[in-house]
Amino acid sequence: YYISRLGDGLDPRIEIFWTGPEICSRILSLDDTSLLSRQIHRPVLFWDNYPVNDLEMAQELHIGPYRERDIHLFRASSGVVANGMEHPESSRIAFHTIGAYLWSAENYDPENAWNIALQNVVGSKDWEVFRIFADNSRYSCLYPKESPDLAAKLHQFEFEKKYGDSDKALLVLKGILTELQKAVDLFERGLENKILQKEISPWTQKFSKGTKLLTIIYSILQKPEKFLFEELSVLFSEYQSDKIKIFADVIYPRIQDFIDSNS
């Protein structure tokens, strides 16, 4: 009743913002958009709360691609205003993908647009290795799962360790560490994009801590020395106290289980 009366009373030249069905909407559908547009007697203008990371999202870094937006939203809306993070250089990654969606929604491919965005913002020399880090920072209202590639590889490691060949399991874990270490080394050398490097430093630092934890576990599996367990426990305590969100949902419970099972 309220929104219909508002639409009736407003001059038709005035546009009405809508965040979608949620404040930070996981999905924007054509059905919902068409319904609201009919109620307010004008096309919806989206205020899309992505990649913003304020309030309870402040520990998240929203640099994943724009997704879960119906390719036909343009049929019932006048556009999208994207709400950025307080990190302007980092926000450019998401903005690039949003621009690609708005340019041609029906041909939009999130992963391809993301690769192009990373090339443009991170730089042609660094973007592929940076993507290893970025793949572990996808969590947001648009992507409720974390670290999809890492999660799949860790699952393979756990399967081999429990049901297969322990040597093969170690090879899988070594492959994981080789990839993660590439990103750690990149940040230690420094990105071409110095502004971006500075903005994301809290996340790259915790990324390095997480990689170190997995490296210690790899060393323990090869040779379970007492000092390695002590080092793992100390570093994990530091990792727990750091509230920055970077692949924590994937490696945190696994490290906790490893410590508990070996205590």
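- K245 and E60 are not joined by a salt bridge, as no carboxylate oxygen comes within less than 4.0 angstrom of a charged side-chain nitrogen.
- With respect to the salt-bridge test (charged N to carboxylate O, under 4.0 angstrom), the residues R131 and E128 do not qualify.
- Around the NZ atom of K194, the shell of radius 6.0 Å holds more than 12 heavy atoms that belong to other residues, nucleotides or ligands.
- Between H62 and Y50, the ring-plane angle classifies as parallel under the 30° and 60° cut-offs.
- Other residues, nucleotides and ligands contribute only 12 or fewer heavy atoms inside 6.0 Å of the NE2 atom of H155.
- When V81, L28, N83 are each tested for a side chain to side chain contact (heavy atoms under 4.5 Å, CB included) with D48, only one passes: L28.
- For the pair R26 and C141, the tightest heavy-atom approach, listed with the atom from each and the gap, is CG-O, 3.1 Å.
- One finds the CG atom of D242 at 10.5 Å from the CH2 atom of W203 (value rounded to the nearest 0.5 Å).
- Counting heavy atoms from C-beta on, the side chains of S90 and L61 come closer than 4.5 Å.
- Under a cut-off of 6.0 angstrom, the local environment of NZ in K161 is sparse, with at most 12 non-hydrogen atoms contributed by other residues, nucleotides or ligands.
- Salt-bridge check for K243 with E238: failed, with every basic side-chain N at 4.0 Å or more from each acidic carboxylate O.
- I27 CD1: more than 12 foreign heavy atoms inside a 6.0 Å radius.
- In F17, the CZ atom is crowded: over 12 heavy atoms of neighbouring residues, nucleotides or ligands sit closer than 6.0 Å.
- Checked for salt-bridge contact, K153 and D149 meet the test: a charged N lies under 4.0 Å from a carboxylate O.
- Applying the 6.0 Å contact sphere to CD1 of I23 captures no more than 12 heavy atoms from other residues, nucleotides or ligands.
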* To do: Run the numbers on R138 and E111 for salt bridge (charged side-chain N to carboxylate O under 4.0 Å, His left out), then give the verdict.
  => CA-CA 12 Å; R138 285 181 180 254; E111 295 301 310; 2.9 Å; yes

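- Taking the six-membered ring where the residue is Trp, Y239 and F236 present parallel rings, their angle staying beneath 30° rather than reaching 60°.
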* **Worked check of side-chain contact (heavy atoms from CB on, under 4.5 Å) between S124 and Q119** => CA-CA 5 Å; S124 58; Q119 291 175 57; 5.7 Å; no

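- Residue H96 comes nearest to A117 through the heavy atom pair CB-CB, 3.4 Å, listed as atom of the first residue, atom of the second, then distance.
- With sequence neighbours excluded, the residues satisfying side-chain contact (heavy atoms from CB on, under 4.5 Å) with S208 are V184.
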